[in-house]
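Note that the structure is predicted; figures quoted are calculated from it, not measured.
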Amino acid sequence: MEKRSLHGQWQQVESDIAEDIMTGRLSPKAQLPTETDLMERFGVGRHTIRRAISRLESRGLVLVEQGRGTFVRDSRLDYRLSERTRFSQNLLDQGREPLGQAIHEEVVPASEMIAEALRLPHGEPVYHIVRRGFADEEPINYSHAYYPVRRFPGFDEARRGGRSVTLILAEYGIPDYIRLRTDIIVRLPTSEEAKQLCQPMSQPVVALRKVDVDLKGTPISYSESVWPGERVQFSIDNTSQLLDVLTRGEAG
């Protein structure tokens with residue numbers, strides 16, 4: 001049996017097992033092979049396997065149960081959709097670490113569909129911002145967002161700096177905004193979407209199309225995002241609407 005070089009042994013083992021989990025080859029709650037089997041598979045020693053498993057456990061990908069073995073955690077994210085959905089807060093509320101990565105940015109003329117969503121003249125310049133979102137270093141969405149250039153000059157530079165959309169919009173005089181609508185579609189990913197989400201093309205994604213508006217009802221952004229169906233589930237939260245109804249009832 002050929003041994004790997006000492007450099008980066010445990011990192012490679014960690015990476016390979018993590019890929020098995022993220023692509024579904026190891027399903028949630030599945031038991032990992034024994035240490036002996038993993039040593040045989042990777043051609044490394046027991047210390048290397050244990051260090052890799054420890055790192056996977058710290059990332060929240062596996063659960064080590066003394067006397068039973070190591071199991072894939074059912075770490076599916078419960079993403080709540082409401083009129084004030086916020087990516088970072090959604091993840092933080094579940095003990096997950098949010099992270100965003102800029103992929104591509106450009107100014108483009110608004111297509112007919114985007115212009116209609118943003119209530120702009122067809123062809124008016126909009127920022128097209130492509131990003132990936134992560135939860136604990138795991139990719140969970142790949143998005144294309146559009147913002148009017150005329151209303152938000154320099155928005156792309158501010159977003160590139162890593163600040164949240166909420167903070168940036170506040171600087172443009174929009175302290176709060178709500179989601180006007182969300183369309184949800186389940187489909188197979190494109191090759192680029194599968195690559196960005198680190199999943200096979202045979203695994204469905206959940207595609208969301210949404211429009212956000214300021215408190216006067218004027219659209220401020222339109223976006224399309226895809227989420228890995230095996231890693232994210234969505235719930236609709238109407239708590240704020242219920243509170244409004246109850247408040248009006250008490251006032252009456």
Side-chain angles (χ1 to χ4, degrees), residues 4 8-33 38 41-42 44 48-49 51-64 70-81 85 87-88 90-105 128-145 159-160 162 164 184-210 223-235:
R4 298 173 184 233
Q9 282 185 328
W10 71 268
Q11 292 99 326
Q12 187 60 54
V13 173
E14 175 203 354
S15 177
D16 288 356
I17 296 177
E19 183 178 359
D20 286 345
I21 294 172
M22 292 179 183
T23 57
R25 288 193 291 269
L26 283 171
S27 58
K29 300 184 180 180
Q31 185 171 6
L32 268 64
L38 291 173
R41 171 186 170 183
F42 292 106
V44 297
T48 298
I49 295 299
R51 187 171 181 185
I53 294 298
S54 176
R55 172 60 179 161
L56 290 167
E57 185 178 27
S58 70
R59 290 174 59 183
L61 296 178
V62 301
L63 178 65
V64 179
T70 302
F71 299 84
V72 178
R73 290 190 63 180
D74 187 1
S75 56
R76 180 176 293 182
L77 179 71
D78 182 19
Y79 197 86
R80 294 181 294 278
L81 298 176
T85 296
F87 177 81
S88 293
N90 232 322
L91 270 60
L92 290 171
D93 288 345
Q94 298 177 66
R96 308 289 293 272
E97 182 68 27
L99 179 67
Q101 177 190 31
I103 303 294
H104 179 70
E105 299 152 354
H128 175 206
I129 300 176
V130 184
R131 295 176 63 85
R132 274 202 305 176
F134 294 79
D136 297 332
E137 303 180 11
E138 181 181 28
I140 58 167
N141 79 5
Y142 176 59
S143 65
H144 294 255
R159 195 72 177 106
R160 198 180 307 136
S164 72
I184 305 175
I185 304 167
V186 177
R187 59 171 173 79
L188 292 176
T190 65
S191 58
E192 180 62 20
E193 289 168 347
K195 174 185 174 183
Q196 294 292 346
L197 294 174
C198 300
Q199 69 165 61
M201 291 184 64
S202 59
Q203 189 178 91
V205 294
V206 180
L208 303 184
R209 295 176 179 174
K210 71 178 181 72
S223 71
E224 301 175 359
S225 60
V226 290
W227 306 68
E230 290 294 318
R231 278 175 258 154
V232 183
Q233 64 184 18
F234 294 91
S235 59

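Taking CZ from Arg231 and CG from Leu197, the interatomic distance works out to 6.0 Å, rounded to the nearest 0.5 Å. The CD atom of Glu193 sits 11.5 Å away from the CG atom of Asn141 when rounded to the nearest 0.5 Å. Atom-to-atom distance recorded for Asp16:CG and Gln11:CD is 12.0 Å, nearest 0.5 angstrom. Taken to the nearest 0.5 Å, the OG1 atom of Thr70 stands 12.5 Å off from the CG atom of Leu61. The structure places CG of Asp136 at 7.5 Å from CG of Leu91, a figure rounded to the nearest 0.5 Å.
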Exercise. Should Gln12 and Val44 be marked as a side chain to side chain contact (heavy atoms under 4.5 Å, CB included) after you check the CA-CA gap, both sets of side-chain angles, and the distance that decides it?
Worked result: CA-CA 11 Å; Gln12 187 60 54; Val44 297; over 6 Å; no

Problem set entry | Step-by-step side chain to side chain contact (heavy atoms under 4.5 Å, CB included) determination, Met201 to Ser191 | CA-CA 6 Å; Met201 291 184 64; Ser191 58; 3.9 Å; yes

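When all heavy atoms are compared, the tightest approach of Asp78 to Ser235 is OD1-OG, 3.3 Å. Contact between Gly229 and Val206 at its shortest, heavy atoms only, is CA-CG2, 4.3 Å. Shortest non-hydrogen contact noted between Pro204 and Val186 is CB-CG1, 4.1 Å.
Partners of Ser164 according to the side chain to side chain contact (heavy atoms under 4.5 Å, CB included) rule, which considers only residues two or more places apart in sequence or in another chain, are Thr166, Leu167. Looking at residues two or more places apart in sequence or on another chain, you find a side chain to side chain contact (heavy atoms under 4.5 Å, CB included) between Ser225 and Ser143, Leu208, Trp227. Residues meeting the side chain to side chain donor-acceptor pair (under 3.5 Å) test with Arg55, sequence neighbours left out: Glu14, Glu137.
Residues Val62 and Ile21 are in side-chain contact: their nearest non-hydrogen atoms beyond the backbone lie under 4.5 Å apart. Between Leu32 and Ile53, the closest side-chain pair of non-hydrogen atoms falls below 4.5 Å. The closest side-chain heavy-atom distance from Gln199 to Val205 is below 4.5 Å. Glu138 has its side chain out of reach of Leu77: every pair of non-hydrogen atoms, C-beta onward, lies at least 4.5 Å apart. Contact of the Val226 side chain with the Thr190 side chain is not registered, since no non-hydrogen atoms from C-beta on lie closer than 4.5 Å. Side-chain atoms of Pro98 and Leu92, non-hydrogen and from C-beta on, do get closer than 4.5 Å to each other. Contact check for Arg132 versus Tyr142: side-chain heavy atoms found under the 4.5 Å cut-off.
A donor-acceptor pair under 3.5 Å is absent between the side-chain atoms of Gln203 and the main chain of Pro228, judged by distance alone. Within the 3.5 Å criterion, the main-chain N or O of Asn90 finds no donor-acceptor partner in the side chain of Arg96.
Between Tyr79 and Phe87, the ring planes are tilted. Angles from 30° to 60° get that label.
For the pair Asp20 and Arg41, the salt-bridge criterion is met [side-chain N within less than 4.0 Å of a carboxylate O].
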